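Working notes, structure below.
Whatever order the structure lists them in is the order used to number ligands and atoms, beginning at 1. This is a predicted model, so every value here is computed, not measured.
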Amino acid sequence: MAVAIAVTRERRDGETRCAVTPETVKKLIALGATVAVEAGTGQGSSIPDADYAEAGARVLPDTHAVLDGADILLKVRGPTAQEISALKAGAVVVALLDAHREADTVEALRSAGATAFAMEFVPRITRAQVMDALSSQANLAGYRAVIEAANAYGKGFPMMMTAAGTVAAAKCFVMGVGVAGLQAIATARRLGAVVTATDVRPATKEQVESLGAKFLAVEDEEFKNAQTAGGYAKPMSAEYQAKQAALTGEHIKKQDIVITTALIPGRAAPVLVTAAQVATMKPGSVIVDLAVEAGGNVEGSRPGEVVTTANGVKIVGWTNLPGRIAADASALYARNLVAFVDLMVKDGALALDMDEEILKAAAVTHGGQVVHEGVRA
Ligand code: NAD
């Protein structure tokens, strides 16, 4: 029997993205699946219900009707308790589960007997690049961070020579040069800013320079060994952090825009900009803290808010930046999902091989157990 794929509306925290687009409905059908989509699913991404129907999906107004008999539920964020209770036993759920933090959702999925996969756990191996949702979303977040900064900044980014005089180029400092940081550098450069960037991983130096920005970091022995085998940053020593703060502190003073993106997997985000450093910045300067949901890189940033400090610096703490560029974020995420679903569908039927490398790494619950070691711990 054809595998039945369901997509319900996102209900959490005003999530604007969606897990399927008309393009991916067609791709899922080409895999041999049937697709049911809840009415209103694409609203936040400007996709009308009629476009899903035209692509071949059944568009239904009722969540239960969409989930009835579904083999696979695709979502952006974790399903709600009601959605989980409407799933048939053994149904597969694929979402950005935020499984380390969303303990209640994981427990509900486990006790419902669902097989749940977290897209954030897809390993970053070459074969899985096409399903790497962390990268597809971080790239857009980096872009959007610069757009938000430009919006909050009362001056222009590019140098402009006019009859009334010259407008100076904005100085933009990007802290943390992973996927989001690299796109932030590229975007700020395209807008005409003078861009500098820092990271603790030596590999980033060349990447920063190849984008036409200047690299700034404490390049000591610890820096030379700051990258894990997996390509992530290690937590740095207190001594390194002090040297880093002394170097970046002098630099931050002169910046108009600071974008912070630094994360360390499984830990709170490192504080890279102290309140004292923010106090040295010029009035009208803007900081965008992309790490705000992981505790923040900037002292004084608050999730979901723009804080204006006593010295007139705006600290932008928007959460879910990909959701502020929802149409593109949905399009890329939905393609990530098609590639992932392709791993578990053979000849149009659900064929789960829990020993398959990528499925194994992304599995959170299966057969009434929490099967992901990190989440279980
Ligand atoms: P991330 O979101 O975990 O962290 C963002 C950046 O913050 C990283 O560059 C990190 O080095 C930096 N950082 C951490 N602590 C810092 C500090 N104290 N000061 C300054 N910067 C600090 O990173 P990411 O975007 O997920 O990328 C992590 C790695 O994964 C990179 O090496 C990237 O190239 C790699 N990657 C590989 C693939 C793939 O092969 N498929 C895909 C995407 C990313």
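Ordered by chain and residue number, the residues placing a heavy atom less than 4.0 Å from ligand 1 are Arg124, Gln129, Asp132, Ser135, Gly176, Val177, Gly178, Val179, Asp199, Val200, Arg201, Gly231, Tyr232, Ala233, Gln244, Thr261, Ala262, Leu263, Ile264, Pro270, Leu272.
Taking the ring centroids of Tyr240 and Phe223, they lie at or beyond the 6.0 Å cut-off.
For residues 209-219, every residue pair satisfying the salt bridge (charged side-chain N to carboxylate O under 4.0 Å, His left out) rule, not counting sequence neighbours, is listed here: Lys205-Glu219.
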Which atom pairs, one a donor and one an acceptor, fall under 3.5 Å between side chains of residues 365-373 and the rest of the protein, sequence neighbours left out?
unit_1: Thr365; atom_1: OG1; unit_2: Ala114; atom_2: O; d: 2.9
unit_1: Thr365; atom_1: OG1; unit_2: Ala116; atom_2: N; d: 3.2
unit_1: His366; atom_1: ND1; unit_2: Thr115; atom_2: OG1; d: 2.9
unit_1: His372; atom_1: ND1; unit_2: Gly374; atom_2: N; d: 3.2
unit_1: His372; atom_1: ND1; unit_2: Val375; atom_2: N; d: 3.2

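The neighbour count for Arg267 CZ, taken as heavy atoms of other residues, nucleotides or ligands under 6.0 Å away, does not exceed 12.
Rounding to the nearest 0.5 Å gives a distance of 12.0 Å between OG1 of Thr8 and CG of Leu60.
Among residues two or more places apart in sequence or in another chain, the side-chain hydrogen bond (donor to acceptor under 3.5 Å, both in side chains) test is passed with Tyr153 by Asp256.
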